[in-house]
Amino acid sequence: MIDLKDLRDNPEKYQRGAALKRVTVDIAAILKADEQRLAAQREFERLRFEQNKASTEIGRLKEPAEKKAAIARMGELKQQVKEAEERMKTAEAQIEPLLLQIPQPPDADVPEGKDASQNVVLYRWGEPRKFNFTPKSHVDLGLALGLIDFERGVKIAGSRSFYLRSLGAELHQAVLRMAFDMMTREKGFTGMTVPVLVREEAMRGTGFFPGGRDQAYDVDPGPDERFLTGTAEVGLTAYHMDEVLEESTLPRKYVAVSTCFRREAGTYGKDTAGLYRVHQFDKCEQVVICRNDIEESKTWHREMLSYAEEMLKRLNLPYRVVQCCTGDIGIKNASQIDIESWMPSRANDKDPDSGYGETHSASRLYEFQSRRLNLRYKDAEGKLRFCHTLNNTVAASPRILIPILENYQNADGTVTIPEVLRPYLNGREKIG
RNA sequence: GGAGAGGUGGCGGAGCGGUUGAACGCGCCGGUUUCGAAAACCGGUCUGCCCGCAAGGGUAGCGGGAGUUCGAAUCUCCCCCUCUCCGCCA
């Protein structure tokens with residue numbers, strides 16, 4: 001949710017922000033609806049003032065006859081108030097969905113672009129491996145080593161479903177646990193579990209709804225309607241919904257591993273093979289809730305990015321860091337930086353820069369979510385302010401298993417287990 | 001699933017249908033007092049929105065929504081949530 005007062009003062013800022021994000025919104029029409037709403041509100045409040053005044057007067061009258069006469073005079077006013085209130089409510093109902101659609105304008109340092117193809121590579125880490133044999137894809141490795149079973153996954157759960165088995169399942173748990181441990185034990189994050197089945201308020205509050213409604217599984221429609229979350233970001237960020245935090249307790253740093261559900265609507269035919277794009281996966285996610293300070297947000301953004309990089313460095317997986325362009329950062333973000341890990345099976349000989357696939361996504365949202373969530377804190381002067389929120393992946397699996405399996409494969413078809421994961425696999429060094 | 005009880009300000013806890021945004025207590029902030037502190041005493045202490053340069057004024061809010069009424073925290077209905085007991089169960 002954007003700041004309505006700021007929208008009134010700087011409509012062009014939001015119109016331009018939406019254009020940069022390739023989102024269609026008619027700011028002028030929204031402002032007009034806003035003015036109509038305000039007019040209706042002023043009218044209602046004026047009439048209500050009259051009514052309250054008269055009612056108080058009636059309460060003071062002692063003489064039954066006088067009282068009766070005064071009450072009789074109230075009939076018309078009562079009707080007017082009722083009508084004015086209805087007009088006000090109608091106007092409010094009209095503008096609310098419009099406001100939820102207005103994107104947060106991208107920060108000035110976000111490059112303009114229409115889609116992911118125009119994202120900008122900031123820097124790289126690690127040297128993509130040169131194989132002296134023909135490397136297998138994670139699909140081939142996974143099947144040959146008995147780590148993945150797509151066939152039965154599809155049989156039981158439909159397309160984009162899979163089973164991890166044996167050391168595949170263990171590896172999956174190992175990466176997630178390593179990520180969680182790093183954040184809680186070394187980075188000072190509070191480890192959490194989160195609900196993955198949530199109310200609509202949590203989805204709307206974190207900015208996934210109404211825009212992304214078709215991406216979420218709607219479980220149990222009706223009065224108890226709940227949705228499956230596509231990330232622990234929902235549970236972690238909404239945790240303090242409707243609360244006023246003490247400034248001294250900020251920043252709040254939370255991390256959780258959760259199962260994530262995504263319908264992947266509109267991606268038919270895209271990344272259909274393998275573990276890259278699936279309907280259900282597990283992810284270790286970091287969330288920071290900090291003071292309302294742009295510089296502090298930016299600092300946290302870099303910091304959280306560095307944690308994700310550290311994860312990849314410890315796994316010794318080559319990656320590149322990408323500044324997403326205005327057309328690719330979604331309506332919520334002021335800025336978004338992705339990390340793309342190198343996946344040999346996605347590389348092709350013609351393009352030396354190919355082979356990178358998104359494994360992490362770091363978002364900076366400023367007040368966007370906290371306004372929707374009514375998530376505030378009391379500052380030094382005792383003033384209530386909206387918090388800033390940020391989030392980033394620490395590790396998402398099985399997607400992260402793609403670069404692990406593919407980069408660590410050996411000529412004999414075995415896979416060496418990354419050293420940092422061995423403690424989580426009872427010291428085992430190799431698969432196969 | 002069956003049977004009850006309840007949801008009021010940061011917390012506890014009142015509240016005959018009519019100056020109740022809400023007594024009282026605690027907490028918190030400021031002041032007096034003190035060498036300093038405690039205690040005591042005095043004062044202050046919710047939020048959204050609208051109007052206003054401001055001071056201030058208006059409006060809304062007692063789980064949520066609808067209704068009765070000139071007027072609802074107080075009455076009626078629906079929903080949500082919490083708690084207790086019984087049953088069932090990973």
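Note that the structure is a prediction, hence the values are computed from the model and not measured.
- Closest approach of A:L143 and A:I148 over heavy atoms only: CD2-O, 3.4 Å.
- Side-chain nitrogen and oxygen atoms of A:R42 include at least one within less than 4.0 Å of the OP1 or OP2 phosphate oxygen of B:C51.
- What separates CD of A:E43 from C1' of B:C51 is a distance of 14 Å, to the nearest Å.
- When the C1' atom is compared between B:G15 and B:A73, the two are found 8 Å apart, to the nearest whole Å.
- For B:A38 and B:G57, the C1' atoms lie 43 Å apart once the distance is rounded to whole Å.
- Across the P atoms, B:U74 and B:U19 are found 14 Å apart, a figure rounded to whole Å.
- Judged by the 6.0 Å and 45° rule, A:R346 forms a cation-pi pair with A:Y276.
- In this structure, CG of A:L197 is placed 16 Å from C1' of B:A90, rounded to the nearest angstrom.
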**Study point:** Chi angles and distances behind the ring pair (Phe, Tyr, Trp, His ring centres under 6.0 Å) call for A:F227, A:F261
**Key:** CA-CA 9 Å; A:F227 301 88; A:F261 301 90; over 10 Å; no
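- Between the CD atom of A:E246 and the P atom of B:C29 there is a distance of 11 Å, rounded to whole Å.
- Of the P atoms belonging to B:A54 and B:G17, the separation is 42 Å, rounded to the nearest Å.
- Of the inter-residue distances, the one linking A:I58 atom CD1 with A:I71 atom CD1 reads 5.0 Å to the nearest 0.5 angstrom.
- Note on A:R199: only backbone sugar-phosphate atoms sit closer than 4.0 angstrom, heavy atoms only; bases stay farther off.
- Residues A:E309 and A:Y319 are in side-chain contact: their nearest non-hydrogen atoms beyond the backbone lie under 4.5 Å apart.
- Taking every heavy atom of both residues into account, A:L405 and A:L141 meet most closely at O-CD1, 3.4 Å.
- At least one test fails for A:K332 against the ring of A:Y366: distance under 6.0 Å to the centre or angle within 45° of the axis.
- Judged by closest nucleotide on RNA chain B, A:R376 is the one of A:K5 and A:R376 placed further toward the 5' end.
- For the C1' atoms, the distance from B:U32 to B:C75 is 49 Å, rounded to whole Å.
- Among the heavy atoms of the strands, none lies under 4.0 Å from A:R371.
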Kindly list each side-chain donor-acceptor pair under 3.5 angstrom involving residues 390-397 of chain A, sequence neighbours excluded, with atom names and distances?
unit_1: A:N391; atom_1: ND2; unit_2: A:E233; atom_2: OE2; d: 3.2
unit_1: A:N392; atom_1: OD1; unit_2: A:A362; atom_2: N; d: 3.4
unit_1: A:N392; atom_1: ND2; unit_2: A:M304; atom_2: O; d: 3.0
unit_1: A:T393; atom_1: OG1; unit_2: A:S361; atom_2: N; d: 3.2
unit_1: A:S397; atom_1: OG; unit_2: A:H172; atom_2: ND1; d: 2.7

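- Atom C1' of nucleotide B:C51 and atom CZ of A:F44 are separated by 16 Å, given to the nearest angstrom.
- Nucleic acid contact for A:L77: none, since no nucleic acid atom lies under 4.0 Å from a heavy atom of the residue.
- When all heavy atoms of A:D181 and A:Y424 are compared, the pair lying nearest together is OD2-OH, 2.7 Å.
- For A:M74 and B:A72, the CE to P distance is 10 Å, given to the nearest whole Å.
- Comparing B:G21 with B:A72, their P atoms sit 11 Å apart, to the nearest whole Å.
- A:P251 and A:V288 make their closest contact through CB-CG1, 4.1 Å (heavy atoms, listed as atom of the first residue, atom of the second, distance).
- Scanning RNA chain B for stems, defined as runs of 3 or more consecutive Watson-Crick or G-U wobble pairs whose donor-acceptor distances all fall under 3.5 Å, gives the following ranges: B:1-7 with B:80-86, B:10-12 with B:24-26, B:27-32 with B:40-45, B:46-51 with B:56-61, B:63-67 with B:75-79.
- Within residues 45-58 of chain A, the residues that have a heavy atom under 4.0 Å from RNA chain B are, in order of number, A:E45, A:R48, A:F49, A:Q51, A:N52, A:S55, A:I58.
- Taking atom NZ of residue A:K78 and atom P of nucleotide B:G67, one finds them 11 Å apart after rounding to whole Å.
- Paired with A:H301 under the rule side chain to side chain donor-acceptor pair (under 3.5 Å), one option of A:R364, A:E296, A:Q336, A:H388 passes, and it is A:R364.
- Nucleotides B:U45 and B:G56 have their P atoms positioned 11 Å apart, rounded to a whole Å.
- On the C1' atoms, B:C46 is 24 Å away from B:G6, given to the nearest whole Å.
- For A:L384 and B:G10, the CG to P distance is 11 Å, given to the nearest whole Å.
- Remark: P of B:G48 and CG of A:L375 are 15 Å apart, rounded to the nearest angstrom.
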